[in-house]
Amino acid sequence: MKMQLIYPEWIKLEHQTVFHLPPHAPVVVASALPDYVDVHFFDENVQAIEYDSSYDIVAISVLLTCQIKRAFEIADKYRKQGIPVIFGGIAVMLHAQEVMEHADSVFLGEVEDGRLEAVLDDFKNGKLKKVYNYMHDHPDTNTIYSARRDILNNDLYAYRGIQMVDLVHASRGCKFNCFPCCNNFLGGANFRPRPIDMVIKEMEGIKNNRLFIVDNSLAQDKQWVMDLFREMIPLKKKWVSHPILYDDEVLKLAADAGCWYVYQAIADTSDTIKERIERLHDHGIGVEGTILLGTDEQDEDYIKRLIDFLMEVNLDMAEFTILTPFPESPIRNKFEKQGRILHNNWSDYTCDKVVFKPKHVTPEKLQELYHLAWNTFYADGGQQTKMGSLFYKVIQKEIKDGTYRRYNPKIKRSFRKKLNKS
Ligand code: B12
Ligand code: SF4
């Protein structure tokens, strides 16, 4: 069975340096495909899709809400040629009703434990169902095998000759339920760790020395996270992640296991945030602040003070985003009740556009403050310079432990984006 697996294009944040990370869900999905499937992967963010009517089935993986419209265009084009299209991924779970109109089959949930195989068996037997709903039935994490990174063209994921990160995950789910986040709906409210030996085996098999551990939070189970870090030490990988438990014992182990920097959500100017950043730096771990603008606590002065604060606390990098009420998030629920959603043009749900009525400022003012935040923070450092400093730090670490490898991608220009969307 010949399958084309597609990851549609999505628009990056305005102001952010554009680089592309290798997609994660598609390589995880590929590892759950039965042997008889001959899979051809296209990441539209870095290469043009080769439309080809010889595929038996097209599978589209959609991560972000802002990818959904493009995913529909691709599906419609294939379906017009009579080729069946199956959809899956996070944004598919969040927009299931709309997706149905553009799909032959919609898969909701996670594919492991033989689920994808069963779907493809149905397809082979001419019995493909319109919906496969596993939203409330999560697979055993023992059945999550090493992702199939062999389907990626790695040369397409370097930035100016610098090797970026490979994505990997050690757990699913999140026991927290933060207001802007839809993870509770997506992955269930429980922390679901993968067996550590399987994670280590997967990491060991990744050629790239630099990883992004995409787990929602490494602050959910102290014992598990310490066990994981201990096992990671011999691998000598260098990695970035979402927040790690703020505990000196854990942070020390994280640093020993190669933690390069973490994403730290920042929405206020509290001493707690300041101390966290200092503590991470004390352990030699960098910090990229992810700063959410437009919460109900913030007025214009607050946002300006927040920007000043970020300059004082010596962040390595900052990523500003505008609060966005994604489907199935607690904040959307609240804004819907209060009549504060401006529109549902999903292509604008990119986190750099105001799509709701802020409490203390107009939407236009919030948009202006978003630009001000980026322009002020990067006024004298420059984004590439700060990014360069972070990479300098990792290179220093790699030279020290002998893992540094000069990366020399043979970037095939012919593969580079020449999108033909007609
Ligand atoms: C990694 C990640 C990213 C990476 C993506 C890198 C890449 N190249 O793909 C990066 C860092 C770029 C990113 C960016 C953003 N992200 Co993000 N990200 C994630 C994260 C943490 C992990 C995704 C992941 O890999 N999961 C693990 C995989 C294995 O699970 P999965 O994707 O669900 O796949 C399973 C199923 O869905 C299914 N499946 C998937 N595809 C398919 C296809 C088929 C055919 C089938 C049958 C099944 C199937 O099977 C898979 C295996 O079981 C998620 C949260 C999460 N926990 O999932 C947020 C998440 C997706 N991100 C989110 C957001 C908000 C963003 C941003 C928009 C804002 C921000 N600052 O975070 C930005 C983009 C801003 C911009 N416009 O520039 C939101 C989604 C909101 C939305 N509705 O769009 C999430 C859910 C986090 C949250 N806090 O709510 N993100
Ligand atoms: S924001 Fe992070 S910690 Fe909070 S619920 Fe979402 S994934 Fe969990």
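When a ligand or atom number is given, it counts from 1 through the structure's own listing order. Keep in mind that this is a model prediction, so the values were computed, not measured.
For Cys178, the closest heavy-atom approach to ligand 1 does not fall below 4.0 Å. Using a 4.0 angstrom heavy-atom cutoff, Ala147 does not count as in contact with ligand 1.
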Steps toward side-chain contact (heavy atoms from CB on, under 4.5 Å) verdict (Phe87, Val62): CA-CA 8 Å; Phe87 273 82; Val62 199; 3.9 Å; yes

Criterion side-chain contact (heavy atoms from CB on, under 4.5 Å) on Tyr378 and Lys386, from CA distance to verdict: CA-CA 8 Å; Tyr378 288 109; Lys386 285 202 197 275; 3.7 Å; yes

Derivation of the side-chain contact (heavy atoms from CB on, under 4.5 Å) call for Glu300 and His360: CA-CA 8 Å; Glu300 183 174 349; His360 298 293; over 6 Å; no

Candidate pair Tyr157 and Leu21, rule side-chain contact (heavy atoms from CB on, under 4.5 Å), full reasoning: CA-CA 6 Å; Tyr157 300 102; Leu21 299 179; 5.8 Å; no

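The residue from Val168, Val85, Ile90 that puts a heavy atom closest to atom 33 (O) of ligand 1 is Ile90. Of the candidates Leu64, Ile213, Leu5, it is Leu64 that places a heavy atom closest to atom 64 (C) of ligand 1. The residue from Leu33, Thr65, Ile144 that puts a heavy atom closest to atom 83 (N) of ligand 1 is Thr65. Atom 61 (C) of ligand 1 has its nearest heavy-atom neighbour, among Leu63, Thr143, Thr350, in Leu63.
Counting only heavy atoms, the protein never gets under 4.0 Å from atom 30 (O) of ligand 1. Distances from atom 38 (C) of ligand 1 to the protein include at least one heavy-atom value under 4.0 Å. Within a 4.0 Å radius of atom 47 (C) of ligand 1, the protein has at least one heavy atom. Closer than 4.0 Å to atom 7 (C) of ligand 1 lies at least one heavy atom of the protein. Protein heavy atoms all stay at least 4.0 Å away from atom 10 (C) of ligand 1. Atom 20 (C) of ligand 1 is never approached by the protein to below 4.0 angstrom, counting heavy atoms only. Proximity of atom 73 (C) of ligand 1 to the protein is not indicated, since no non-hydrogen protein atom lies closer than 4.0 angstrom. For atom 85 (C) of ligand 1, the nearest protein heavy atom is 4.0 Å or more away.
At least one cation-pi condition fails for Lys175 and Phe191: the charged atom is not both under 6.0 angstrom from the six-membered ring centre and inside a 45 degree cone around its axis. With Tyr302 as the aromatic partner, Arg305 meets the cation-pi criteria of under 6.0 angstrom to the ring centre and within 45 degrees of the ring axis. In this structure, Lys12 satisfies the cation-pi test against Trp10, with its NZ or CZ atom closer than 6.0 Å to the six-membered ring centre and inside 45 degrees of the ring normal. Cation-pi geometry between Lys334 and Phe356 is not met: the NZ or CZ atom fails to fall both under 6.0 Å from the ring centre and inside 45° of the normal. Cation-pi geometry between Lys124 and Tyr36 is met: the NZ or CZ atom falls under 6.0 Å from the ring centre, inside 45° of the normal.
Between Glu110 and ligand 1, not a single N/O pair is under 3.5 Å apart. Ligand 1 has an N or O atom lying under 3.5 Å from an N or O atom of Ser61, backbone or side chain. Remark: ligand 1 and Val29 share no N or O pair separated by less than 3.5 Å (distance only, no angle test). Between Leu167 and ligand 1, a contact under 3.5 Å exists for no N or O pair. Of the N or O atoms in Tyr7, one or more lie within a sub-3.5 Å distance of an N or O in ligand 1. For a threshold of 3.5 Å applied to N or O pairs, the pair formed by Val62 and ligand 1 contains no separation below that value. Looking at His24 next to ligand 1, an N or O pair under 3.5 Å apart turns up.
Look at Glu368 and Lys365 and you find a salt bridge, because one of the NZ, NE, NH1 or NH2 atoms lies within 4.0 Å of a carboxylate O, short of that distance. Salt-bridge check for Arg210 with Glu398: passed, with a basic side-chain N closer than 4.0 Å to an acidic carboxylate O.
At the top of the distance list for atom 8 (Fe) of ligand 2, counting protein heavy atoms only, stands Cys174 SG, 2.2 Å. The protein heavy atom nearest to atom 2 (Fe) of ligand 2 is Asn216 O, 4.0 Å. The nearest protein atom to atom 6 (Fe) of ligand 2, hydrogens excluded, is given as Cys181 SG, 2.3 Å; this is a heavy-atom distance. Shortest contact from atom 4 (Fe) of ligand 2 to any protein heavy atom: Cys178 SG, 2.3 Å. Of all protein heavy atoms, the one lying nearest to atom 7 (S) of ligand 2 is Asn183 ND2, 3.0 Å.
With 3.5 Å as the limit, one finds no donor-acceptor pair spanning the side chains of Asp43 and His20.
The CD1 atom of Ile49 lies 6.5 Å from the CD atom of Gln4; values are rounded to the nearest 0.5 Å.
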